[in-house]
2 protein chains.
Amino acid sequence: MATLTIHEAAQTTGWSARMLRYIEQLGLVDSPRSPSGYRLYGPAQLQRLRTLRELLDAHDLELGDVGFALRLRKEPALAGALDEWFEASPRKPVDVPDAEWLAFEQDKHQSLLTRSTA
Amino acid sequence: MATLTIHEAAQTTGWSARMLRYIEQLGLVDSPRSPSGYRLYGPAQLQRLRTLRELLDAHDLELGDVGFALRLRKEPALAGALDEWFEASPRKPVDVPDAEWLAFEQDKHQSLLTRSTA
DNA sequence: ACAGGTCTGACACGCTCCTGGTAAGGTTGG
DNA sequence: CCAACCTTACCAGGAGCGTGTCAGACCTGT
């Protein structure tokens, strides 16, 4: 049988069993389960856990960072909003209706004026 | 003159002066400086600070997250490595030679055996 | 059926992040 | 020259992350 239990998987990957559960909770590597609920780690999962470790070491990342990267793939709206913000000259955000956006644009100068004359 | 000092900018953007310095330190919004070193916030910076706040509120982000997104733009190698990792079906990791991979597959059972007899 | 392995959930500790505050010193404008 | 602002560099305290460990219940192989 090519599937390992969680402690065996921990041994071969260098993570602790605790961390394997945590990694799964972050959505980074989730293993299939046996009928009774045991986690079963196959070659694919082991591979993923190994390369995950390499990834962290190579680029000085933390699990939370990879979790955020995952969130970026799952929420294209978020990725798009960040893209827009990083474009130096920000236009209108995707999900803001024109009226609201214009109000904001006006309000900007408004508040600046009231500030500088206050 | 259309440039504000840090406390004025804090007023109009809703950040604290302390946070404006922190945001600059993260590399998210850095302002030009006066000859003597005072930060000068122009419309472009104020705009950026405003939209930054919207961004955080809209997507439940934190400054560190945006900082990480910035890092992704600055380090294409990092972004590429993450891309690769997220490609779901990883066969052999790019940088692990076949011999090593096979050794691992064998070693797996090996180490489990030696473990249990140790 | 018994030993040992697994499950979830919780508590705890150390560490970093976020944010505020303060101290010591330079700048500016009246 | 003095008040009021700015600068950098620290310390502090609450919140969240990474990790271990324990408890109580369930599963498995001999």
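The sequence lines fix the lettering, A, B, ..., with proteins before strands; numbering per chain opens at 1. All values below come from the heavy atoms of this structure, side chains included, with hydrogens, waters and symmetry mates left out.
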List every contact pair, protein side and nucleotides 25-29 of chain D side both N or O, where the distance is under 3.5 Å.
from    : atom 1 : to     : atom 2 : distance (Å)
dC27(D) : O3'    : S36(A) : OG     : 3.1
dC27(D) : O2     : Y38(A) : OH     : 3.4
dT28(D) : OP1    : S36(A) : OG     : 3.0

Out of curiosity, L28(B) CG to L70(B) CG, how far, rounded to the nearest 0.5 Å? 6.0 Å
Using distance only, find each side-chain donor-acceptor pair of residues 59-66 of chain A under 3.5 Å and give its atom names and separation, not counting sequence neighbours.
from   : atom 1 : to     : atom 2 : distance (Å)
D65(A) : OD2    : E62(A) : N      : 3.0

For dT19(C), take OP1 and OP2 only and decide whether either is under 4.0 Å from a side-chain N or O of S16(B). no
Donor-acceptor pair, R73(B) side chain versus F86(A) backbone, under 3.5 Å? no
Tell me the interatomic distance from E8(B), atom CD, to dC6(D), atom P, rounded to whole angstroms. 7 Å
Atom-to-atom span, CZ of F68(A) to P of dG16(D) - whole angstrom: 17 Å
Counting only N and O atoms by type, is there a donor-acceptor contact under 3.5 Å from the side chain of Q45(A) to the main-chain atoms of G42(A)? yes
At under 4.0 Å between heavy atoms, which parts of nucleotides 9-17 of chain C does protein reach? Answer with one letter per nucleotide, 5' to 3': B base, S sugar-phosphate only, - none. -B-------
Over how many whole Å does the gap from L20(B) atom CG to dT8(D) atom P extend? 13 Å
Take atom CD of E24(A) and atom P of dT8(C), then tell me their distance rounded to the nearest Å. 7 Å
Closer than 3.5 angstrom, by distance alone: can the side chain of R39(B) be matched with the main-chain N or O of L20(B) as a donor-acceptor pair? no
If I take atom CD1 in residue I23(A) and atom P in nucleotide dG20(D), what distance separates them, rounded to the nearest angstrom? 11 Å
Can you confirm whether Y41(A) sits close enough to T3(A) that some side-chain heavy atom of one is under 4.5 Å from a side-chain heavy atom of the other? no
Could you see if W15(B) belongs to whatever hydrophobic cluster contains L40(B)? Use Ile, Leu, Val, Met, Phe, Trp, Tyr and a side-chain cutoff under 4.5 Å. no
Are D30(A) and R21(A) close enough, and set up right, to give a salt bridge (charged side-chain N to carboxylate O under 4.0 Å, His left out), and what steps lead you there? CA-CA 8 Å; D30(A) 41 16; R21(A) 298 199 184 95; over 6 Å; no
Out of dC5(D), dC7(C), dT19(C), whichever nucleotide has its closest atom nearest the side chain of L63(B): dT19(C)
For L56(A) and dC17(D), what is the distance between atoms CG and C1' respectively, to the nearest whole Å? 14 Å
Atom OH of Y41(B) and atom P of dT7(D) are separated, to the nearest Å, by 7 Å
In whole angstrom, what separates R39(A)'s CZ from dG5(C)'s P? 17 Å
Is a donor on one side and an acceptor on the other found under 3.5 Å between the side chain of E8(A) and the backbone of T5(A)? yes
Nearest heavy atom decides the nucleotide; on that basis, is I6(B) or L26(A) closer to the 5' end of DNA chain D? I6(B)
